[in-house]
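Working notes, beginning with the structure itself.
Position 1 is the first residue of the sequence; numbering continues from there. As a basis for the values below, the full set of heavy atoms in this structure was taken, side chains included, without hydrogen atoms, waters or symmetry mates.
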Amino acid sequence: MNRRLAMMSVLLAAALAACTADTPGPGPATTGAEPACDRTLDAAFGAWARSGFSGSVAISTGGRFECLAGYGSANDATGTRNTPDTVFSIGSVTKAVTAATVFGLVDDGKLTLDDRAGRLLPELAGPVRAATVRQLLLHTSGLTGSHGEDYRPLSRDAAVAALGRLRLAFPPGTGHAYSNGGYTLLALIIEKLSGRSYRDYTASRILSRPGGRVAGGFWNGTPAAAGPRAVGYLDGGGTGQRGDFGGPHWALDGNGGLAMTARQLASWTHALFTGAVVSGGSVAAIGRPGFDLGDGRSETPGWVALAAKVHGMPVLMTAGGGGDVGHNVVVAWLPERQRAVVVTSNRPGMTAEKLLGAIGPALFAGDPVPVPGTSAGAVDGAGIVGTYRLGTGGSFEVTARDGRMEISAHGADGVAALLPPRGVPPGDVRRHAERVSALLAGRTGEGRTERGLIESEFGPITAVTPAGTILADGELRSYVTVTTGGRSVLGWYAVDANGGVQGAELPTGAPALSFVRSGDHYRPDDPTGGGPEVTVAFAGDRMTVTGPAGGTTARRAG
């Protein structure tokens, strides 16, 4: 599923403070004669690239680029490097474009923000008919659940029907629930009122730039984003969707289907907020806080507004990633400085979000930019590789390769010991797992649909067993073992507070961490320091995992 990433506002504000128009230094890949990043920041990005960051950076002020650079590999098979002109799927950043397209129709007098979805799209059924355009834009419509799977064909009529079947978590306008389906509904309304396909109208009306250029296009289908594409690399080592899904694409249209280069996305962001895409009144409406999310954050149409009290200046932010492509994109706009920043990545170990998490606080404070530390020592797997079982039923699988040790966790007890969700209250972890269990028990319409999809592929479900909850890419993911006849399949689900599916992968591999030696024990190979707070030690046939809740010991099997 396509989703918006959870982010800390201070990280992006800090990153912006470090980008200047000083003499550029060597190192990053650029195209043409544009400047690279400031030498100090370039050196830090280079160090992080050597620790796993792979992506591109584009930063402009007043429409003038002062930082354009690419790092790492866009395609391992061909040896192609990332540049500012490498195309990335922008995921949920698509919602910012869809919101702008809606405001283009407002400017043309074809709708108002208080028009109800059912009036604009008469064929729509169900409770969402009562939601207004404004509520859909702000995720306050109450719509919850998924209207389709990203890479399963979904026609326009099927999407309308699926949206009509979704329940509302609350009466429209009385709460907040992030909804991909709400933005697909907006895309359907755009298509209805414009008299053209959502895709063609968006490309020609909203992505169009001076000189006949178009700022990107779609990752799958047409009009396609032109240019060399980054391959997304997934957690399990495979590659993500390449953009050859034939569609129809209504599971993603409106909420997550677009693709751009870092350069294009930064240019488009500047154009949007300086009135070159929609009217000045619409620009003001897009940037105006609409629903208070707490902690100085507010939902706006397609963006999240961060109040000046959060970090000293107002910022609008949006991000996208996850799903089946393997890309992560972060965008911000600082209205007081007319500054746009875009960071992209195509590897899971060091996403754009993780990178900013590591260097942002120091940059914000004006301290030297931190670089990743070096590993204390390579791992010799002799004598420790194998399976270790817990007395409570779970287990750990220890492997070693290229000087790194990887440990995978099996069972809820093993996952809880090895990958405790950092900074998440235990009650939140428990409630998330309970919502996933309720979903797969078929207690809701979406749950019954999900069970049907699983059974159509694997056979009748005979049992669903919780298998632990982790924090990954800013979201809780609860693992389950689904038993279908004589076969067991491991998967994970991320759900919102109302039990609506935000992301899922089934089948999937067991959750795992890489470790390096640190004295007489092993620590996670995580240069950002933002992962689980655990250490591992071996003694004879015993393996001890020590975390915030204490130590857990497992014994080698066999």
Give a yes or no answer on whether the side chain of [X] reaches the backbone of [Y] with a donor-acceptor pair at less than 3.5 Å.
{"X": "D526", "Y": "G531", "answer": "yes"}
{"X": "S345", "Y": "G55", "answer": "no"}
{"X": "D107", "Y": "S279", "answer": "yes"}
{"X": "H147", "Y": "L185", "answer": "no"}
{"X": "S92", "Y": "A319", "answer": "no"}
{"X": "N220", "Y": "F245", "answer": "yes"}
{"X": "S54", "Y": "G72", "answer": "no"}
{"X": "T94", "Y": "L258", "answer": "yes"}
{"X": "N328", "Y": "A352", "answer": "yes"}
{"X": "W268", "Y": "I206", "answer": "yes"}

State, with a plain yes or no, whether a side-chain heavy atom of [X] is found less than 4.5 Å away from one of [Y].
{"X": "Y493", "Y": "L506", "result": "yes"}
{"X": "D496", "Y": "Y178", "result": "no"}
{"X": "E299", "Y": "V304", "result": "yes"}
{"X": "L168", "Y": "T144", "result": "no"}
{"X": "L166", "Y": "V128", "result": "no"}
{"X": "R205", "Y": "D108", "result": "yes"}
{"X": "L453", "Y": "R152", "result": "yes"}
{"X": "N346", "Y": "Y233", "result": "yes"}

Intermediate values then yes/no, side chain to side chain contact (heavy atoms under 4.5 Å, CB included), L265 and T344: CA-CA 10 Å; L265 189 48; T344 70; 5.9 Å; no
Search all heavy atoms of [X] against all heavy atoms of [Y] and return the closest pair with its distance.
{"X": "A271", "Y": "R209", "value": "CB-NH2, 3.1 Å"}
{"X": "L476", "Y": "P421", "value": "CD2-CB, 4.2 Å"}
{"X": "P84", "Y": "G70", "value": "CD-N, 4.1 Å"}
{"X": "F65", "Y": "A58", "value": "CE2-CB, 4.1 Å"}
{"X": "A494", "Y": "R477", "value": "CB-CG, 4.4 Å"}

How long is the span from the [atom1] atom in [X] to the [atom2] atom in [Y], to the nearest 0.5 Å?
{"X": "F218", "Y": "L207", "atom1": "CZ", "atom2": "CG", "value": "7.0 Å"}
{"X": "F291", "Y": "T300", "atom1": "CZ", "atom2": "OG1", "value": "13.5 Å"}
{"X": "I286", "Y": "R288", "atom1": "CD1", "atom2": "CZ", "value": "10.5 Å"}

Side chain to side chain contact (heavy atoms under 4.5 Å, CB included) between T78 and V231, intermediate numbers included: CA-CA 11 Å; T78 63; V231 174; over 6 Å; no
Between [Y] and [X], do the side chains contain a donor N or O and an acceptor N or O under 3.5 Å apart?
{"X": "Q338", "Y": "T274", "result": "no"}
{"X": "S478", "Y": "H432", "result": "yes"}
{"X": "T184", "Y": "N255", "result": "yes"}
{"X": "S204", "Y": "R196", "result": "yes"}
{"X": "T132", "Y": "D114", "result": "no"}

Among T202, I189, V277, the one residue meeting side-chain contact (heavy atoms from CB on, under 4.5 Å) with T101: T202
Stepwise side chain to side chain contact (heavy atoms under 4.5 Å, CB included) check, S56 with T86: CA-CA 8 Å; S56 54; T86 301; 5.5 Å; no
W303 and F273 aromatic ring geometry - parallel, tilted or perpendicular at 30°/60° bounds: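 Rings of F273 and W303: perpendicular, as their planes differ by over 60°.
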Ring geometry between H176 and H139 (parallel below 30°, tilted from 30 to 60°, perpendicular above 60°):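 H139 and H176: perpendicular rings.
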CA sep, side-chain torsions, deciding dist, call: V97, M260, side chain to side chain contact (heavy atoms under 4.5 Å, CB included): CA-CA 12 Å; V97 178; M260 294 187 190; 4.2 Å; yes
Pair D76 + R347: basic N to acidic O under 4.0 Å: yes
Charged N-O contact under 4.0 Å between E191 and R156: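 Yes, this pair counts.
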R229: partners by side-chain contact (heavy atoms from CB on, under 4.5 Å), with sequence neighbours left out: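 Expected list: V87, W219, A224, A225.
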Partner set under salt bridge (charged side-chain N to carboxylate O under 4.0 Å, His left out) for D157, not counting sequence neighbours: none
